[in-house]
Amino acid sequence: MRQIENFIAGEFVGAASGRRFDKRSPLDNRVIASISEAGRPEVDAAVAAARAALRGEWGGLATEQRVDLLYGVADGITRRFEDFVEAEMADTGQPSHVMRHVFIPRGAANFKVFADVIKNVPTEAFQMDTPDGRGALNYALRMPKGVIGVISPWNAPFLLMTWKVGPALACGNTVVVKPSEESPHTAALLGEVMNEVGIPKGVYNVVHGFGPDSAGEFLTRHAGVDAITFTGETRTGAAIMKAASDGMRDVSFELGGKNAGIVFADADFDAAVEGIFRSAFLNTGQVCLGTERVYVERPIFDRFVAALKLKAERVRFGRPESHDANYGPLISQEHQRKVLSYYAKAVEEGATVVTGGGVPDMPGELAEGAWVQPTIWTGLPESAAVVREEIFGPCCHIRPFDSEDEVVNLANDTDYGLSTTIWTTNLTRAHRVAARVEVGITWINSWFLRDLRTPFGGSKQSGIGREGGVHSLEFYTETRNVCVKL
Ligand code: NAD
C-alpha cells in the first residue's frame, strides 16, 4: 500500500494533525493508498511557499527560461510514462489503452502547448494622438496573476489537473493543487518530476483532502490565493464562487453537463453509432463532455437504437491491464450507488430499458468493485430526472425527432451548456444547427477531438470563462496598460 504525502516547497510532508484517509481501488474496493489529509497549517504552508517562489527565483526568470523548464516537465513526464500510466490506472481502474493514448500524453502536452503559447503570443499596442501633436504610445504587459488555487476532479485526473497547471506556470504563476480525494496519485508523482527537472521549490504544491471543512475549502477560502480554477460539479462551483467572493478573487469554472447528441437520418450511420457509443460510454461514461441525451431522426431511430445496443452489450469488463478487457468500473462504490439510483429511477419513471440497468456478474474479488452495465433507455418524457440531471455514468436516453427546429429546442432545453455532437452529411445544416445549440463546444461528425489551442468551456451552468490556447491567458494573467507620452 502506498503512502502519499502533501507536496509543499519541494518536500513531501505529512499533516501536523497526523490525519490520513484511504484510497480504495474501484476494481475490488481494496485499500491501495493511505493519504495525508492537509489541514489549515499545511494549506497555509503551501500558499506561503507559492508566494515565496513568486517573489524568488521563479518570479525572476525570463519567459525563455520558464518555457525551457516547462518543456523539461513535459519530457520528465514522458520519461516516467509507465509510472504515470500505472498511477492513473490504480486510481481510476480505466483500461490502459485510454491512459496510454489519451490521458497521460495529453498531460505532457499541456505543458508543451502552453509553453509555446506564452513564447509566441503578442501583446497589444495603441498609438494615440494628443493635443500637442506629439502623441502617446500605449502598450500592454501581461503579468502573472499570482498564487493560483487549482481544484480538480477524479474523472481524468492527470489530464484535467495539468490543463490548469500547464498554463498557470507558463504565465509565471505558482500553484497550490487540491486533487480529488479519489485520485491523489498522479498529482503526487508530478511533484517528483518537478524536482527531477529543476522547477524551483514552491512553484508547484499539492495539498490532499476533501472539499467542505477540509483542504478544498481551506484553499479556496485562503486570503493568500489570488485566483481559483476549478473543474467539477456545478453545485461545488457555486460553493467555491461564494468562497472566492471574499477578497474578490477571480474564478475559472469547468462544470457539469447534460450534453445532447443529435443524429440526422442522412448521417454516415456506422460512424454515428460509433461516435455516440464513444461519447456515451467512454471512461465508463465519466466524461464531462459525454452524451447522456441522444436525439435520432425518426426514419433511422429503431435501427440506431438496435446498433447502439449491440455495441453496448459487447464491452468486456475487467482489470485495466487485462488483454481481454476493454471496459472499467466507476470511480467508487459511492458513485456506483448514485448511478444505480438513477438506473432504478429510470424504471420508476417508466423507461423502456433497451439494455443494461444493473451490475455485471464479476468473478472473485472483482465482485466488490464499482462495476455497472452500460445502459440505454427510451420512452421517457423530457421532464424525467434521468433526462434532466447529470448522472455521470455509462447511460443515455434516446428519443426520436422529426424536424431540425424540434431537435434544436430539445437540445437547448437544459440548464447546462457544455458540449454537443452533431451527425449529418448535410454540412449546411450542420453549421446552422451548430450555431443554434447553446453550448461552449460543438463537434460535427466527431466527438472529443481536441486542439488545445481552441477555446474550451461551458455556457449556462456548465462553466464560467474559457481556457485553451490564448484564452487561458485571459484567466492566468493580468493585463496592465502602460501609457507613454511622447
Ligand atoms: P466534485 O465537484 O465533487 O469535486 C471536484 C473537486 O472539488 C474535488 O477535488 C473535491 O474535493 C473538491 N471540492 C468539493 N467540494 C468543495 C468545496 N466546498 N470547496 C472546495 N473544493 C471542493 O466533482 P467530481 O465528482 O470530482 O467530478 C465530476 C464532475 O466534474 C461532473 O459534474 C463533471 O461534469 C465535472 N467535470 C467537468 C469538466 C469540464 O471541463 N466542464 C471536466 C471534467 C469533469
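The first residue in the sequence is number 1, and the count goes up from there. All values reported here derive from a predicted model rather than from experimental measurement. Whatever order the structure lists ligands and atoms in, that order sets their numbers, starting from 1.
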Item to check | contact_flag Pro212 ligand 1 heavy-atom lt 4.0 Å | outcome: yes
Is there a polar contact, in the sense of an N or O pair closer than 3.5 Å, between [X] and ligand 1?
| X | result |
| --- | --- |
| Ser462 | no |
| Thr236 | yes |
| Thr231 | no |
| Ile151 | no |
| Thr234 | no |

Next on the checklist: I'd like to know if the side chain of Glu182 reaches the main chain of Lys23, judged simply by a donor and an acceptor atom lying under 3.5 Å from each other, with no hydrogens or angles considered.
Outcome noted: no
Checklist entry - Quick one: does Ser214's side chain have a donor or acceptor within less than 3.5 Å of a partner on Gly216's backbone? => result no
Taking 4.0 Å as the limit for heavy-atom contacts, which would you say applies to [X] with ligand 1: side chain only, backbone only, both, or neither?
| X | answer |
| --- | --- |
| Leu255 | backbone |
| Leu160 | side chain |
| Val287 | neither |
| Ser152 | backbone |
| Glu181 | side chain |
| Phe456 | side chain |
| Glu182 | neither |

With a cut-off of 4.0 Å, which atoms of ligand 1 are near a heavy atom of [X]?
| X | result |
| --- | --- |
| Pro179 | 9 (O) |
| Glu390 | 31 (C), 32 (O), 33 (C), 34 (O) |
| Phe210 | 11 (O) |
| Gly256 | 32 (O), 34 (O) |
| Ile240 | 19 (N), 20 (C), 21 (N) |
| Lys178 | 8 (C), 9 (O), 10 (C), 11 (O) |
| Asn155 | 43 (C), 44 (C) |
| Phe230 | 2 (O), 5 (C), 6 (C), 7 (O) |

Checklist entry - Only one of Phe281, Phe317, Phe277 clears ring-ring contact (aromatic ring centres under 6.0 Å, His included) with Tyr327; which? => result Phe317
Checklist entry - When rounded to the nearest 0.5 angstrom, what distance separates CD in Gln94 from CG in Leu27? => result 9.0 Å
